[in-house]
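Keep in mind that the numbers below use all heavy atoms, side chains included, and drop hydrogens, waters and symmetry copies. The structure displayed is predicted, hence computed values, not measured ones. Convention: sequence-line order gives letters A, B, ...; per-chain numbering from 1.
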Protein chains: 2
Amino acid sequence: MQHMASPAFKNCSDCPIRHRAVCAKCDSDELALLEDIKYYRSFSAGQPVLWAGDHMDFVASVVSGVASLTQTMEDGRTQMVGLLLPSDFVGRPGRSVATYTVTATSDLMMCCFRRKPFEQMMDTTPHVAQRLLEMTLDELDAAREWMLVLGRKTAREKIASLLSIIARRDAAFSTSNPGKALTFELPLTREAMADYLGLTLETVSRQMSALKRDGVIALSGKRRISVPDMDKLLFEAGDDSDGGFLT
Amino acid sequence: MQHMASPAFKNCSDCPIRHRAVCAKCDSDELALLEDIKYYRSFSAGQPVLWAGDHMDFVASVVSGVASLTQTMEDGRTQMVGLLLPSDFVGRPGRSVATYTVTATSDLMMCCFRRKPFEQMMDTTPHVAQRLLEMTLDELDAAREWMLVLGRKTAREKIASLLSIIARRDAAFSTSNPGKALTFELPLTREAMADYLGLTLETVSRQMSALKRDGVIALSGKRRISVPDMDKLLFEAGDDSDGGFLT
DNA sequence: CGAACAATTGACCGAATTCAATCCGTGTGG
DNA sequence: CCACACGGATTGAATTCGGTCAATTGTTCG
């Protein structure tokens, strides 16, 4: 169940997303203003955070864990339209109704800011607005990248693209050992993968098996993936050889 | 061929996109600053504006006409990732390399701002940055909406969705006469429609014929579309009955 | 008129979906 | 402790939607 919660750190200056989130450009004075209007909420894996159409009186940053943004049609077809990782922003200043459903994909900690005072800060402290613009432009690029995946890639390429993205993110955190096998935890069920990729969960399962059979990936358990040769995975994703990966 | 060009109006205050573009929130002083760093460029239908990877020393607003943003894989598969209509913004402050290929889909007039001074204005005049944030958030919503279309809709629903979007935009310009047939010009070739929808041009053609046969749309010539019953079209698009259309 | 290009239509094929059976790991109650 | 239920995942067989290849029809413009 969702509850007010305390994170493992004391204040903003020790926050793990201090230098990547919407507050990244703030100086200590500005940070103090944010401290006043923030509170933490945590959710366990699988819990809904918000339903599309809900009233929201806050905006928030993901502190730890993974959340998903999804859109659903009346007949139940659903499409994931965003994967929210630590430092990503939820909500839209100036809009009090949620456009998308937000779900905690793993255990999740969010840093929430009360809407009204946050919107005032947007007007008064340019650093918040500047950082939010940068982040939104990055999100837009990511969304457009994903449109190519959804519109033009085969099922196998879609899977490889998703694994590349997650591997890339993980590589950024752990120490990169070039040439060595890269191993990471997959934070999504087969169904969530299918919803992200515009596929059925059966097709996801089949293509995962095929990639395993072909030696592109190896599985230990259901969720732990290891990639012996990152270039091979990127090739399967159909991206340019460089792909912007660690170059 | 692309050339420097004069628009049909004298200065910013007479500009047709004055109140919707990135300059919408500017006062007359700020507008004067923009006047100094702007110049016009025009392109005829079909002309490329920018190739992905090109150096750009400007950002721009679409003044009139339609342009498309596309992404292409090495093997030639291409996906349109944005349709740029009058008032839409091209380029990204702080980035001097084009991420996407931009093509003039119809005759096109752009208002270009030299990059460096524009970026300075972004820092000094909050109105420009504020408006750009709003516009980018809108673009992000549109991109996510489109992810649902690409990932989960059938070919017929995709076509109906595209026609709905164009019809909606046109309805916003012309006087809306509820209950009457809505008629508009389709600013895209079948191939461009296919690239937008993640389909082949043959499938686009077949589904257009099917929608015509079923009385959802009527064609006069190849490009002029009329929609006798907008609700029927929205139903075919698979959207909620309201769909945010004129409500 | 004929060339070039856009669009339509048909026949066939194949990748992904659908429907269905089975497997596997985990947790729960007899 | 084992049986069994449950959800997630895998695998199989049949179907279908959209893609591919190819022929044809329009349409525009030198």
Euclidean distance, atom CZ of residue A:Arg190 to atom C1' of C:dT17 [Å, nearest integer]: 18 Å
Side-chain N or O of A:Arg223 closer than 4.0 Å to phosphate OP1/OP2 of D:dA9: yes
Any side-chain heavy-atom pair of B:Tyr100 and A:Asp141 under 4.5 Å: yes
Value in whole Å for how far the P atom of C:dT8 lies from CE of B:Met193: 9 Å
Close side-chain approach of A:Met73 to B:Lys153, heavy-atom, < 4.5 Å: yes
Protein-to-nucleotide contact annotation, 5' to 3' order, nucleotides 11-26 of chain D [B base; S sugar-phosphate only; - none; under 4.0 Å, heavy atom]: BBB----SSBB-----
B:Thr101 and B:Gln71, any side-chain heavy atoms less than 4.5 Å apart: no
A:Leu186 CG - D:dA9 C1' separation (whole Å): 13 Å
Main-chain N/O of B:Ser44 paired to B:Gln47 side chain as donor or acceptor, under 3.5 Å: no
Within-4.5 Å side-chain heavy-atom neighbours: A:Arg92 and B:Asp138: yes
Integer-rounded Å distance: C:dA7 P and B:Arg213 CZ: 19 Å
d(NZ, A:Lys158; C1', C:dA15) in whole Å: 11 Å
Side chain to side chain contact (heavy atoms under 4.5 Å, CB included) assessment of A:Leu219 paired with A:Met208: CA-CA 9 Å; A:Leu219 305 183; A:Met208 290 287 286; 4.2 Å; yes
Separation of C:dT9 C1' from B:Met208 CE (nearest whole Å): 15 Å
